[in-house]
Amino acid sequence: MNSPANPPATADAGEGKVSNFLRQIIEKDLQQGTYASRRWAGSPGDAAHHATGQPDPAKIRTRFPPEPNGYLHVGHAKSICLNFGLARDYGGVCHLRFDDTNPEKEDQEYVNSIIDAVKWLGFDWAQIGQAPGSAAPYQASDYFGFMYRAAEYLIEAGHAYVDEQTPEEMRVNRGDFGKPGVDSPFRSRTPAENLARFREMRDGKHADGAMVLRAKIDMASPNINLRDPAIYRIRHAEHHHTGNTWCVYPMYTFAHPIEDALEQITHSICTLEFEDQRPFYDWLLERLIEGGLLASPPPRQYEFARLNLTYVVTSKRKLAQLVNEKRVSGWDDPRMPTIVGLRRRGYTPEALQLFAERIGVTKSDSWIDYSTLEGCLREDLENKAHRGMAVLDPVKLVLTNWAEAFGSDSYLEACTLPALPHSAIAEGQTPPPDRVFQIGKEVWIEREDFEEVPPKGYKRLFPGNVVRLKGGYVIECTGCVRDAAGNVTEVHAKVIPGTKSGTPGADSVKAKAAITWVGVADGVQAEVRLYDRLFADAHPDAGGKDFLRALNPDSLKVVTAYVEPSLAAAQPDQKFQFERFGYFVADRADHAPGKPVFNRAVGLKDSWGK
Ligand code: ATP
Ligand code: MG
C-alpha cells in the first residue's frame with residue numbers, strides 16, 4: 001500500500017478519492033471537531049491513550065467486526081477496504097475486532113484466517129490497524145466483564161429485567177408490525193429481584209433458555225427491535241477464548257454498541273440490515289453514559305448497502321455447505337468467493353482494492369456484475385504479469401525440412417520475446433529480461449490451429465498456408481498425419497529459413513497469422529486448471545431458489561498443457577499472462593518447480609457478456 005508514513009490528519013484527507021456520503025460525514029465531523037473533546041481514556045483496548053489521557057482531535061476510528069465463524073468473502077473485502085481505507089485516508093485507526101459473542105459457532109481457525117485476509121488485503125497493519133500501544137486484533141470477549149457490569153447497572157436503574165416466559169410466549173407477546181406487543185408478567189419485578197435472578201443466571205443455577213435478561217424499553221414501539229430486546233442469555237458452552245468462565249453471554253445487539261464505545265470508535269459503519277437496530281444502539285449508549293459507565297460523545301452507526309455480486313453466493317452458511325458437501329475442494333477452492341479462494345484463483349490485493357473503489361458505497365441495494373470484478377483483475381495484471389506461451393490442447397507440429405535447413409534434426413535455436421510489452425513499461429522503469437526458449441524440429445501447437453479443410457476466413461495452419469510461429473520462424477503448412485480413428489496426430493510444415501522474428505529477413509515472407517507454440521525440446525508439461533464461474537445463474541439464490549441447482553457443471557476443466565521454460569520456473573502464486581488465453585497463476589498449494597500447476601484467473605476478454 002502506498003500510504004504515506006504520516007498521513008495528513010486533516011478534514012480534506014480524502015482528496016483525490018471519489019467522495020461518498022461516509023466521507024462527507026467524516027469530513028464534517030473533523031471540521032466541527034465532533035470528537036475533539038474526546039480523551040482516549042477508559043478504553044480497555046487502548047493502553048497508550050489510557051495512560052496519557054490526551055485528546056486526539058484529528059482522528060477517526062472505524063472498525064471491522066467479523067464474527068469468527070467462517071472464512072471472509074468478497075463482501076467482507078468491500079467492508080475491509082472501506083473501513084481500513086477511511087482510517088488510512090483520514091489519518092485514523094481501524095480496529096479489527098472479533099465479534100465472538102457466540103461460543104458455539106466460533107473457532108481459532110477462522111480467527112487466524114481473518115487476520116491473514118486483512119493483512120493480505122494490504123493495509124498497513126502497524127500504521128492503521130491499531131492504536132499506539134494497544135494490541136490488535138481486538139475481541140469482544142475481552143469486554144465480557146464490562147458487559148456484565150453494564151447489564152447489572154441497567155437492572156439497578158430499572159432499564160432491564162429477567163424474563164422467564166418461554167421462548168414461544170416471548171415470540172407471541174412481541175406482536176408484529178400491525179400488532180403492539182404485550183408486557184411480560186415478569187416486567188414489573190423490582191430491580192432487587194431482577195438482580196438476584198441475573199446473578200443466579202451468571203452462577204449457573206439455570207438451564208439454557210430458562211430465562212433471559214431483557215432491556216425494558218417499550219412493548220408498543222413501532223420498531224420491533226425496541227420491544228424489550230433480549231440482551232443476555234444463558235449458554236452452558238465453552239468459549240474459544242474465555243473457556244468456561246461464563247455461562248451467560250451478551251446478545252450481539254447489546255454487545256456491539258458497547259464494543260464500539262469502549263474502543264472509542266467514532267464511525268461505526270455497517271450494512272443496511274442493521275438500520276432498524278440503530279435506535280437500540282443509541283438507546284443503550286445513552287443509558288450507559290447517563291450511568292457514568294461510558295464517556296460522551298458516543299460512537300455513531302452509519303449504514304451502507306452490502307455488496308451483491310452476480311454469479312456468487314456470499315452467505316457464510318451456503319459457502320459452508322459448498323465445502324461440507326464437497327461441491328468444491330475447500331474454503332480456498334479457486335472458484336469460491338472467499339478471500340482465500342480469490343487469492344488462490346490469482347486475484348491480487350490491488351485488484352480487490354480497485355474493485356472496492358470502483359463500486360463505491362451507497363445507501364441503496366443494487367447488484368454488481370461479476371465482470372466488474374474480473375475487469376479489475378485484468379486491469380491490475382495487464383502491466384504486471386509477465387507474458388508466456390502455453391499450449392493448452394497440444395498437437396505436435398513437425399518441421400519436415402529442419403535438417404535440410406539447419407544441418408541436423410537435433411539443431412535447436414534460441415528465440416526471445418519480451419516478458420512485458422512495451423506499453424506495460426512505465427517511463428524510467430527497466431524492462432525485465434527477455435524470455436528465452438528453443439525452437440527445433442518439433443513444437444507443440446494448439447489443436448485448433450490446424451484445419452485440413454479451412455472454414456471460411458480461417459487464417460491459421462492449413463495445407464499451403466503460411467503462418468509465423470510467434471517469436472520464431474515463418475512456416476508453410478504441408479499436411480497432417482491421422483490415426484485409424486481419423487484424429488490428427490501430427491501436423492506437418494516446412495520452415496522458411498531467414499524469416500526469424502527480430503532478424504532483417506523477418507518480413508521477407510508475409511505470414512497470414514502468428515500462432516503460439518512451445519518447443520518439444522524445452523517445453524514442460526503442466527497441469528492447467530481452467531476455472532470458470534461456479535454458478536451458471538446470475539442470481540443463484542434469489543427468491544429462495546436452491547442455489548445448488550445453479551452450479552455450473554463446467555466450472556472446472558483440467559488439462560495437460562505444455563508451457564515454455566519461463567513459466568515452468570514460476571514461483572507459487574506468481575501471475576502470468578498466457579498469450580491469447582488470459583491470466584493464470586501458479587497454484588499456491590500444488591505448484592512446484594518441476595511439477596507446474598496453473599489456475600486460470602480470468603480470460604483476456606469477458607466471455608459472459610450478453
Ligand atoms: P453472513 O451474513 O454471510 O454470515 P456476516 O455479515 O454475518 O456474513 P460478519 O462476520 O458479521 O458476517 O461480517 C463482518 C462485517 O462484514 C460486518 O460489518 C458486515 O456488515 C460486513 N459484511 C458482511 N457481508 C458483507 C457484504 N456482502 N458486503 C459488505 N459488507 C459485508
Ligand atoms: Mg453478520
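Just so we're clear, the structure is a prediction, and the values are computed from it rather than from any experiment. Numbering of ligands and ligand atoms starts at 1, following listing order.
Remark: Lys575 engages Asp573 in a salt bridge, criterion side-chain N to carboxylate O under 4.0 Å.
Taking distance alone, with nitrogen or oxygen atoms compared against 3.5 Å, Glu273 stays at or beyond that limit from ligand 1. Residue Leu307 places at least one N or O, backbone or side chain, under 3.5 Å from an N or O of ligand 1. Annotation: Thr314 places an N or O atom under 3.5 Å from an N or O atom of ligand 1; distance criterion only.
Side chains of Phe355 and Leu309 form a contact here, defined as non-hydrogen atoms less than 4.5 Å apart.
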* To do: Give the intermediate values and the outcome of side-chain contact (heavy atoms from CB on, under 4.5 Å) for residues Arg345 and Val585.
  => CA-CA 7 Å; Arg345 179 72 173 263; Val585 63; 6.0 Å; no
* Asked: After noting the C-alpha distance and the side-chain angles of Asp260 and Arg97, does the key distance pass the salt bridge (charged side-chain N to carboxylate O under 4.0 Å, His left out) rule?
  -> CA-CA 10 Å; Asp260 284 348; Arg97 179 205 309 144; 2.8 Å; yes
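In summary, the atoms of ligand 1 found under 4.0 Å from a heavy atom of Ser315, numbered by their order in the structure, are 3 (O). Remark: ligand 1 atoms within the under-4.0 Å shell around heavy atoms of Pro66 are 10 (O), 14 (C).
For the pair Arg533 and Tyr311, the cation-pi criterion (under 6.0 Å, within 45° of the ring axis) is fulfilled.
Between the OG atom in Ser141 and the OH atom in Tyr249 there is a gap of 9.0 Å [rounded to 0.5 Å].
At a 4.0 Å cut-off, not a single heavy atom of Arg317 sits close enough to ligand 1 to count as contact.
Among Arg63, Lys318, Glu67, His76, the residue whose heavy atom sits closest to atom 23 (C) of ligand 1 is His76.
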